[in-house]
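Index from 1, following the sequence. Order of appearance sets the numbers: ligands from 1, and atoms from 1 within every ligand.
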Amino acid sequence: MSVDAETNLILEREAALLAPYAMHSADSAGRKYPESSQNYRGPFQRDRDRIIHCSAFRRLSHKTQVFTGEMGDYHRTRLTHTLEVASIARTLARALRLNEDLVEALSLAHDIGHPPFGHSGEDVLDECLQNMGGFNHNAQALRIVELLENRYPEFPGLNLSREVLEGQSRRIDKSAAAAASPLLEVQVVDAADSIAYDSHDADDSLELGLLALDQLLAVPLWREAAERVRRRFANLDDRQLRRAIVHELIHWQVDDLLAEIERSLLERGIQSVADVRRAPALVAPSSEVADLKQGLERFLFKNVYRHPNVEETRNAARQALREMFDILVADPARLPAKFHNRVAVDGAARAAADYLAGMTDRFALDEHGRLTSAMG
Ligand code: MG
């Protein structure tokens with residue numbers, strides 16, 4: 001699907017602006033179902049738009065990131081987390097002259113496979129499907145964009161560019177020894193995801209009263225960020241200090257990451273996408289920041305992700321999902337009509353998991369009520 005760069009505004013623009021090691025739309029491997037190109041909108045822009053218009057993306061607004069809806073409305077949902085990731089990833093991409101459209105498409109799609117109720121929802125579905133490959137939110141995101149979204153008469157799924165699909169598939173098992181490294185655009189989104197949640201999970205936990213500011217100030221990454229803030233602003237109250245620390249944490253990590261990437265690109269003489277593919281991972285924080293981030297993540301894991309208030313809402317959610325799964329597998333006719341053909345292809349268990357995974361937190365609880373009361 002080679003397109004003449006001189007007659008295509010987007011390709012011309014990318015040729016002028018992007019680094020030689022960025023993924024240029026002109027070099028895209030295209031789509032499974034070929035489509036004609038557009039002069040005013042590049043392929044990755046089109047992918048981005050398709051993701052924004054799909055229903056799995058809209059439902060992110062009512063899915064738990066870490067904290068459930070009933071805990072208030074300050075904290076991040078999966079949608080706002082996704083937008084924070086896209087925002088940080090775009091900043092990184094622009095500074096490095098990478099393909100921002102591709103980075104945005106990857107960011108917006110990265111969490112659309114998450115079931116309701118965060119990681120506890122994922123754990124339950126994984127148990128339900130343990131004899132048939134299990135459940136993984138990254139793999140589910142691929143199922144959604146390749147199969148389950150049904151918006152276009154010409155093809156199943158969203159028919160996204162191969163580079164977006166490859167980027168998402170690289171998230172499934174990061175430990176797997178792969179023949180080639182992911183594109184820099186893919187690596188940058190992964191780093192932005194980590195910067196976003198390390199900063200916002202701590203912020204949300206403070207707002208919800210799960211943590212006290214003093215506890216976090218004992219964690220070296222937070223302490224260092226707080227010291228940086230205090231050197232500039234002497235008289236902040238706790239709330240102002242907290243917000244300034246979150247801002248500083250993002251800013252510091254982005255700065256550190258950019259400096260490290262620039263250094264690696266230079267050191268390894270990276271000049272092309274082929275060089276990126278051959279090199280080991282190029283996007284990583286400095287060892288100093290990596291250690292500090294690990295310290296914060298260990299702290300959050302112990303004190304937030306396992307907090308009794310968080311666990312309590314989780315247990316109810318786990319039970320509701322498990323009960324719905326059993327009911328639907330025992331009687332697949334109770335699945336909505338659009339899942340009936342999936343029962344025929346993939347079996348009742350996988351089809352039930354697809355249905356459950358697509359639910360928002362609220363819909364899952366309502367549907368649980370309907371399914372269990374109709375049991376009589
Ligand atoms: Mg994420």
N, O or S atom within His81 nearest to the Mg ion (ligand 1), by name: NE2

Asp193 atom (N/O/S) at minimal separation from the Mg ion (ligand 1): OD1

CG on Leu217 to CG on Leu211, rounded to 0.5 Å: 11.0 Å

Centroid-centroid under 6.0 Å between His81 and His114 rings: no

Exercise: do Thr77 and Lys63 side chains pair donor with acceptor under 3.5 Å: no

Atom name in Asp111, limited to N/O/S, at shortest distance from the Mg ion (ligand 1): OD2

Tyr355 six-ring centre to Arg350 NZ/CZ under 6.0 Å and within 45° of normal: no

